[in-house]
2 protein chains.
Amino acid sequence: MNENRKATIADVAREAGVSTATAGRVLGGYGYSSGEKRDLVLKAAEMLGYQPNQLARSLITGQTRTIGFVAGDIQSPFFAKILRGVSDVLDTQGFGLLITNSDEAVDGEVHSIRLLMEKQIDGLIISPCDTEGAKHLKKLAQTTPMVLIDRQVAGLDVDSVGVDNAGAAELCVRNLIDTGHERIGMVAELHSGPWKDVGSFVHMVRARGGEAGPMYPSWQRFMGYIRAHDAAGLPLDLSLIARVNSYSIEDTKIAAKQLLRQPNGPTVLFTTDGLMTEGTMAAIFETGLQMPEDISLIAFDDLDWMSFVRPGIDSIAQPRRKMGETAARMLIERIAGNDGPPRREMLPVRHNERGSVRDIRNARR
Amino acid sequence: MNENRKATIADVAREAGVSTATAGRVLGGYGYSSGEKRDLVLKAAEMLGYQPNQLARSLITGQTRTIGFVAGDIQSPFFAKILRGVSDVLDTQGFGLLITNSDEAVDGEVHSIRLLMEKQIDGLIISPCDTEGAKHLKKLAQTTPMVLIDRQVAGLDVDSVGVDNAGAAELCVRNLIDTGHERIGMVAELHSGPWKDVGSFVHMVRARGGEAGPMYPSWQRFMGYIRAHDAAGLPLDLSLIARVNSYSIEDTKIAAKQLLRQPNGPTVLFTTDGLMTEGTMAAIFETGLQMPEDISLIAFDDLDWMSFVRPGIDSIAQPRRKMGETAARMLIERIAGNDGPPRREMLPVRHNERGSVRDIRNARR
DNA sequence: TTTTGCTGTGAGAACGTTACCACACTTTGT
DNA sequence: ACAAAGTGTGGTAACGTTCTCACAGCAAAA
C-alpha cells in the first residue's frame, strides 16, 4: 500500500483479511459484526491510521452533518456570541459549522446560500436581511431545514428564535416615563421597509392597535417606543427620532450629535442596538455632555464594557448565546425528522440598571 | 424524473440529449465543448434548476475548497475580527469556512482538528493552544497546508501571521518610563509554560539577551516589559506582576485589585490582552480610583469602547482583520501549490494615545 | 423435524461528480 | 499529400463510503 496516501476502508479490509463490507460495518458502526472480526478490523485500522472520509459517507447517506450559518457580520459581538452558542451545541452532536456573512445585503445572502447549498449542508441558521420578499428563502425552506434568528420573514413559516423586541422596548420606555422623562430620544437605523417614513409607520402601528407583522427588530423596538408613549398619553415628537441612514458608527455619531444639539432636545437617549449605542456614546463623548447629569442613556443590547465604564450603561440584554444554542437545537431536531408546526421561540431579555439613567421626577433641569 | 429530487448531471444530460461526459464538461467548466452543445446543456440545467454537488466533485478531485479555522473562542472580539478577515478573502475565492473553537485546551484542539479533517478540509488556520509539544500539529502539517495565527509553535515550520509582541510591548513600556513611570504594573495571564515561575523566566530572558524561541504572546509581551526595564536600567519588581491563573474576567479583576491595593503599588497598569483589560477596568472601577489621576492604564489589544469612554484608553492595536486576511491568503497560496519555505508575517501594530496614561515627570503624586 | 428469526459475512451496486481513454473530425505544418 | 496537433464527443472507470442483497449458520419456536 502506498504510504503517503490516506488509508481507506478497502486498505483496512485487506490488511484485516475481511471484506470491505465487514470492515465498513465495523468502522462505520452499523449492521452486524462479530467480536472476532471487529478486533481484527480495529487493529488494522489503528495500524494504518485510518480516518473515515466524511465526504464519501455523505455522498451516499445524503447527510453531511454540517450546517450553515449566515450572519449579518460575524465580527459584531451580537453575531459572534450567537455563533458561539450555535457552535457549542453543534459540537456536542458532532456537527460542523460553515459560516458566511451577508453584510445585510440580499446579494450577499443569496451568494452565501448558494455556496452553502453546494456544500450540501443539512440545515441553515440565518439572520435574514429582508423581512418582506425573500423569495429565495421561501423556496429553500421547502427542501432544507431552516431556523431564523433575530428576525422573521413575512410568509416564511419556519422555526425562529428571537426576543420580544416591542415588549422589551415598551417596558423600557415606560420605565423612562415613570422616572420623569418626557422627551425621549431614539437613535435607530430604521432600514427602509414598506413604510415611506417614520410618520406613516406610526400611523400604521396605531391603526393596528400596536400589533404588526414581521419587521426588523429596530422597527419593532420603535413600535414599543410608540406603544409606551401612547399608553402613557405622552405625545410623540418625531423630531426626537434620529434615523440613521447607513449602518455605520460614523453616521450614527453624526445623527446622534445633531439630536443632542437641537433646541429642546431629549433628556434621555434610547439606542436600538450595539452599533447605535457605540456611535451614540462617541457623540455624547464628543459633545462633552455629562452622563447622567446632562443626558441619560439606555441601550438595547448589552455589551461587555457597559459594566465597567462610568457611569455604567443601562441596557436591555438579549440572551445571545442562548439564542444560538436554541436555534442550533431546533435545527438539529428538524434535521432528525421533526416535522411538527414551526415554532417561534421568544427568549426573555434582562434589564440592567447601572446608573446611566437619571431619575428626574423631582429635578427639572 | 422525480420532481422533488435534486437534478444531477445525468438528468441534465438526458434532458439536453448529450452524454453525461459532455454535460459534465459544460457544467464543470473543464475540457472541450462546442457552443451548440453548451447552449443545450445550459438551457437544460436552467430548466431543471441544476445545482452542482460539491461533495461528489470533491470526492474525486480531492479538493473541497473548504478550509478550517480553529479559534480559541470565536466570541472574543480578537478572534471574531480575525475570522472576518479570513472569511472575506475566502469568499472572493469561493472557499468555504468551517469553524470550531478549542477553548484553549489541547483536548478541544485535537477534537476540533479531527472533526475538520474528517470533512476533508483543504487547509487549516489555527491559533494553537500549545507552543511547545503539539505533536498532532506537526504530524498534520506534513499532509495538510496550515497557517498559524497569533502564536507559533517550537519546531513547527509552517507559515504564520502575528505581530512583534515583544517589540511592541518594549516600546510601550519604554514610553511609560519616559513619561516618568517607574512602578509599572502588569496584568497578564501567563499560562504555565516551560518556566516554573516568573522569576526563572526573567532569568532565561536575560541569559539569552532578550531573545527566545516561540512562546505565548503574553509571555512575549512580558519579555518586552523586561527588556524595556533592563534597557532603561530600571530594576524589575516582580511584585508588580499580577499573574492571573485562569483566563477569566473575574479572576483578572481579583488579581488586579490586589495589585492596586498593595502598598507602594504601581502608577500605571499594562494589560496584556483584551480580557485582561476588561478585568482590570472592572477592578479600577470597583476600587474607586480615578484614571489617569490615581492610576494610568495602557492595554495590549484595542477594543471598540476604548475610544468613547472617559478617559479614552491608550492601547496597542493589532491589525486583527488584516491578520485574518493575510493568513487566508497565505493558506490559499499553499493550497494552490506554493511549496516555498515557510513565511512568518509580522504585521505592524498601532499605538493609540487617548488619555489614560498620565505624564508624571513633573508631578510626583 | 420444520419453520422462523436473528446474527454474521461478502459481492456488488449506488451516490454524483471528474478523470481517462478511444475515436472522429477538423485544422495546421511541411 | 501526409503527418501531427488541436478540437469535440461519448463510454466507462474511478473517488470512498454505505446500502441492498443473497446466503449461511444457529438458536428458539412450532
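Order of the sequence lines fixes the chain letters, A, B, ..., with proteins taken first and strands second; residue numbering starts at 1 for each chain. Keep in mind it's a predicted model, so treat the numbers as computed, not measured.
At a threshold of 4.5 Å between non-hydrogen side-chain atoms, the residues B:V18 and B:V41 count as touching. Side-chain contact between A:L347 and A:M323 is present, with at least one heavy-atom pair separated by less than 4.5 Å.
Between the side chain of B:K37 and the backbone N or O of B:V26, no donor-acceptor pair lies under 3.5 Å. In this structure a side-chain-to-backbone donor-acceptor pair under 3.5 Å is missing from B:S127 to B:D150. Between the side chain of B:T92 and the backbone N or O of B:V89 there is at least one donor-acceptor pair closer than 3.5 Å.
Atom-to-atom distance recorded for B:E118:CD and A:Q51:CD is 6.5 Å, nearest 0.5 angstrom. Within the model, atoms CD of A:Q152 and CZ of A:R344 stand 3.5 Å from one another, a figure rounded to the nearest 0.5 Å. For the atom pair B:S58 OG and B:D122 CG, the distance stands at 7.5 Å (nearest 0.5 Å).
Nucleotide D:dG16 holds its C1' atom 6 Å from the CG atom of A:N53, rounded to whole Å. Rounding to whole angstrom units, CZ of residue A:R57 and P of D:dT17 are separated by 8 Å.
Protein chain B contacts DNA chain C over a range whose 5' and 3' limits, counting nucleotides with an atom under 4.0 angstrom from a non-hydrogen atom, are C:dG16 to C:dT18.
Residue pairs meeting the salt bridge (charged side-chain N to carboxylate O under 4.0 Å, His left out) criterion with at least one partner in residues 92-106 of chain B, sequence neighbours excluded, are A:R84-B:D103, B:E104-B:R151.
Annotation for A:K138: atom NZ counts as buried by contact number, over 12 foreign heavy atoms lying within 6.0 Å.
Applying a 4.0 Å cut-off to non-hydrogen atoms, none of the residues of residues 111-121 of chain A approaches DNA chain C.
With A:L116 as the fixed residue, the side chain to side chain contact (heavy atoms under 4.5 Å, CB included) test singles out one of A:T144, A:I121, A:L140: A:I121.
Rotation axes derived from the C1' atoms of the five outermost pairs at either end of the helix from C:dT1-D:dA30 to C:dT30-D:dA1 lie 30° apart, to the nearest 10°.
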Per-nt protein contacts along nucleotides 5-11 of chain D (heavy atom under 4.0 Å; B base, S backbone sugar-phosphate only, - none) come out as --SBBBB

For B:D88 and B:R321, what are the C-alpha separation, side-chain angles and deciding distance, and is it a salt bridge (Lys or Arg N to Asp or Glu O under 4.0 Å)?
-> CA-CA 9 Å; B:D88 281 353; B:R321 192 150 166 174; 2.8 Å; yes

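Looking at residues two or more places apart in sequence or on another chain, you find no salt bridge (Lys or Arg N to Asp or Glu O under 4.0 Å) involving B:R57.
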